[in-house]
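What follows is a single structure, written as structure tokens, with notes after it.
Everything numeric in this text was worked out from a predicted model, so none of it was measured. Below, chains carry the letters A, B, ... as their sequence lines are ordered, and counting in each starts from 1.
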2 protein chains.
Amino acid sequence: MGTATATASRPMRADAQRNYDRIVQVASDAFAERGVLTSLDDIACRAGVGPGTLYRHFPTRDGLIAAALGGSLDKLAGLSESLTASDDPGAALDDWMLALAEHLRTYDNLPESIAEAFRVDDSPLRNSCRPLTNTTSVLVDRAKKAGVIRHDVDYRDLFALVSSVAWASQRRGDSDADLKRMLALATGGIR
Amino acid sequence: MGTATATASRPMRADAQRNYDRIVQVASDAFAERGVLTSLDDIACRAGVGPGTLYRHFPTRDGLIAAALGGSLDKLAGLSESLTASDDPGAALDDWMLALAEHLRTYDNLPESIAEAFRVDDSPLRNSCRPLTNTTSVLVDRAKKAGVIRHDVDYRDLFALVSSVAWASQRRGDSDADLKRMLALATGGIR
DNA sequence: ACCTGAACACCGTTCAAGT
DNA sequence: ACCTGAACACCGTTCAAGT
């Protein structure tokens, strides 16, 4: 898969594409180091472009976060495929929730940004999460049909629950083992 | 109970006390309207003092939040007394967790601030939460002894769980009924 | 068509000068 | 002892001027 273009329509001019790619690359590093709330001016500066150029490509911070998250989302898409084909719906849902929680911890303050994005129509970050909620919905349905979770649990509840745990464990600076433990505790009530 | 003084030691000069009280009053309103991340300059301005005066009384935002939360904390202290004396440890813990979650939703972004305060030694906001964690600890112990919750659950886990739910329901703009439902779901695993 | 960077508004924070 | 408000640094955002 090649590098992303700004829209699905026409290719960018070569210099614009180069800037776009550099911005995403630098942003990805900056978010990983200092969280998604880090200065956009600083990202533009490190990418060697003016602030206006960054804003042209990414009118909102959400869009830049979504772009920086690209690779991580591709990995989850792969997991999604294998889990929806699994013959153990309970274990598949568990594995999925853990992967989801880990993904939400990719950058500091990412759970906040994603939760906020869900309140905005057409947020690029929200759109980039669509495959995640879709997979959650599918796996929840399969688990219900298999009778391993309660029938009054919505996939949105589960997504919110997993986001919450990711948020809390990030705020506390939890290890992966702690995250796993908290997730089991928080989702124990769905059975 | 009179109005708070800056330290437990000596009373403030009359004009300083007046400023202190006005700042807390204005901050309380501003936090309620626009969340705890609202501009401190704006609070100082509305209270009719210079920014330096606000900083003198409250060197950190946390301190101002803690002061603004005073009344709400007093109410919880009352509930704490009656619940720790209850003869139904399971129901008492449930009631407490709900009250805690509602308290954490007092201001927008309060769960974030409190979670952050727990990473700082001597944060005034953390100190103001001490009675809350204490009560949680007591009620969790009583519930364990009564055999209504699992023995491998820590009171810190529960506090984190309740904070998480408060955070998520605030981000989603949930109603009180939604909060109650999510809380039941998230804490179902402790039994 | 895209980029640059100056410019503006806003906010947190400090501190010298005042009373 | 406390207050004031100017000053500074930083950040998001816009836009006129360039190529």
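Sequence order on DNA chain C of the closest nucleotides to A:Gly48 and A:Asp41 puts A:Gly48 first from the 5' end. Residue-to-nucleotide proximity on DNA chain C shows that, of A:Arg56 and B:Tyr55, the 5′-proximal contact is made by A:Arg56. The nearest heavy atom of DNA chain D to A:Thr60 and to B:Thr53 marks one nucleotide each, and the one closer to the 5' end goes with B:Thr53. Nearest-nucleotide assignment on DNA chain D puts the 5′-proximal partner with B:Asp15, out of B:Asp15 and A:Leu37.
Side-chain N/O atoms of B:Asn19 include one lying less than 4.0 angstrom from OP1 or OP2 on D:dC3. Note on A:His57: a side-chain N or O is less than 4.0 Å away from OP1 or OP2 of C:dC3. Taking only side-chain nitrogens and oxygens, B:Ser39 never comes nearer than 4.0 Å to OP1 or OP2 of C:dC10.
Atom-to-atom, CZ of A:Arg34 to P of D:dC10 comes out at 14 Å; the value is rounded to the nearest Å. Atom CG in A:Leu54 sits about 15 Å away from atom P in C:dC2, given to the nearest Å. To the nearest angstrom, C1' of C:dA9 lies 14 Å from CG of B:Asp42. The distance between atom CD1 of A:Ile43 and atom C1' of D:dG12, rounded to the nearest whole Å, is 12 Å. Summarising the geometry, the separation between CG on B:Leu40 and P on C:dC10 is reported as 16 Å, rounded to the nearest angstrom. To the nearest angstrom, C1' of C:dT4 lies 16 Å from CZ of A:Arg18. Rounded to whole angstrom, the span from the CZ atom of A:Phe58 across to the P atom of C:dC2 amounts to 13 Å. Rounded to whole angstrom, the span from the CG atom of B:Leu64 across to the P atom of C:dG12 amounts to 11 Å.
Surrounding NZ of A:Lys180 are at most 12 heavy atoms belonging to other residues, nucleotides or ligands under 6.0 Å away.
Inspection of the B:Ser175 and B:Asp178 side chains reveals an N or O donor paired with an N or O acceptor under 3.5 Å.
Listed nucleotides: C:dA6, D:dC3, D:dA1. Nearest to the side chain of B:Arg13: D:dA1. Closest approach to the A:Ala16 side chain among D:dT4, C:dC2, C:dT14 is made by C:dC2 (side chain taken as heavy atoms from C-beta onward). Nearest nucleotide to the B:Arg61 side chain, out of D:dT13, C:dG12, C:dT4: C:dG12. Candidate nucleotides C:dT4, D:dT4, D:dA1 were compared by shortest atom distance to the side chain of A:Val49, and C:dT4 ranks first.
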Side-chain donor-acceptor contacts of residues 164-171 of chain B below 3.5 Å, not counting sequence neighbours, with atom names and distances?
from, atom 1, to, atom 2, distance (Å)
B:Ser164, OG, B:Ala160, O, 2.6
B:Trp167, NE1, B:Glu112, OE2, 3.1
B:Ser169, OG, B:Arg105, NH1, 3.4
B:Ser169, OG, B:Val165, O, 3.2
B:Ser169, OG, B:Ala166, O, 3.3
B:Gln170, OE1, B:Asn109, N, 2.9
B:Gln170, NE2, B:Tyr107, O, 2.9
B:Arg171, NH1, A:Glu116, OE1, 2.7
B:Arg171, NH2, B:Asp108, OD1, 2.6

Taking distance alone, no hydrogens or angles, what donor-acceptor pairs closer than 3.5 Å link side-chain atoms of residues 182-191 of chain B to residues at least two apart or in another chain?
from, atom 1, to, atom 2, distance (Å)
B:Thr187, OG1, B:Leu183, O, 2.7
B:Arg191, NH2, B:Asp94, OD1, 2.8
B:Arg191, NH2, B:Asp94, OD2, 3.2

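By the 4.0 Å N-to-carboxylate-O rule, B:Asp42 lies close enough to B:Arg46 to be salt-bridged with it. Electrostatic pairing of A:Asp157 and B:Arg181 counts as a salt bridge here, judged by a charged N lying under 4.0 Å from a carboxylate O.
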- Query: Pairs counted as Watson-Crick or G-U wobble with both distances under 3.5 Å: what dot-bracket string results for DNA chain D, using | for bases tied to another strand?
  - Reply: ||.|||||...|||||.||
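A distance of 11.5 Å separates OG1 in B:Thr38 from CG in B:Asp29, rounded to the nearest 0.5 Å.
Under the 30°/60° scheme for interplanar angles, the aromatic rings of A:Phe118 and A:Phe159 are found to be tilted.
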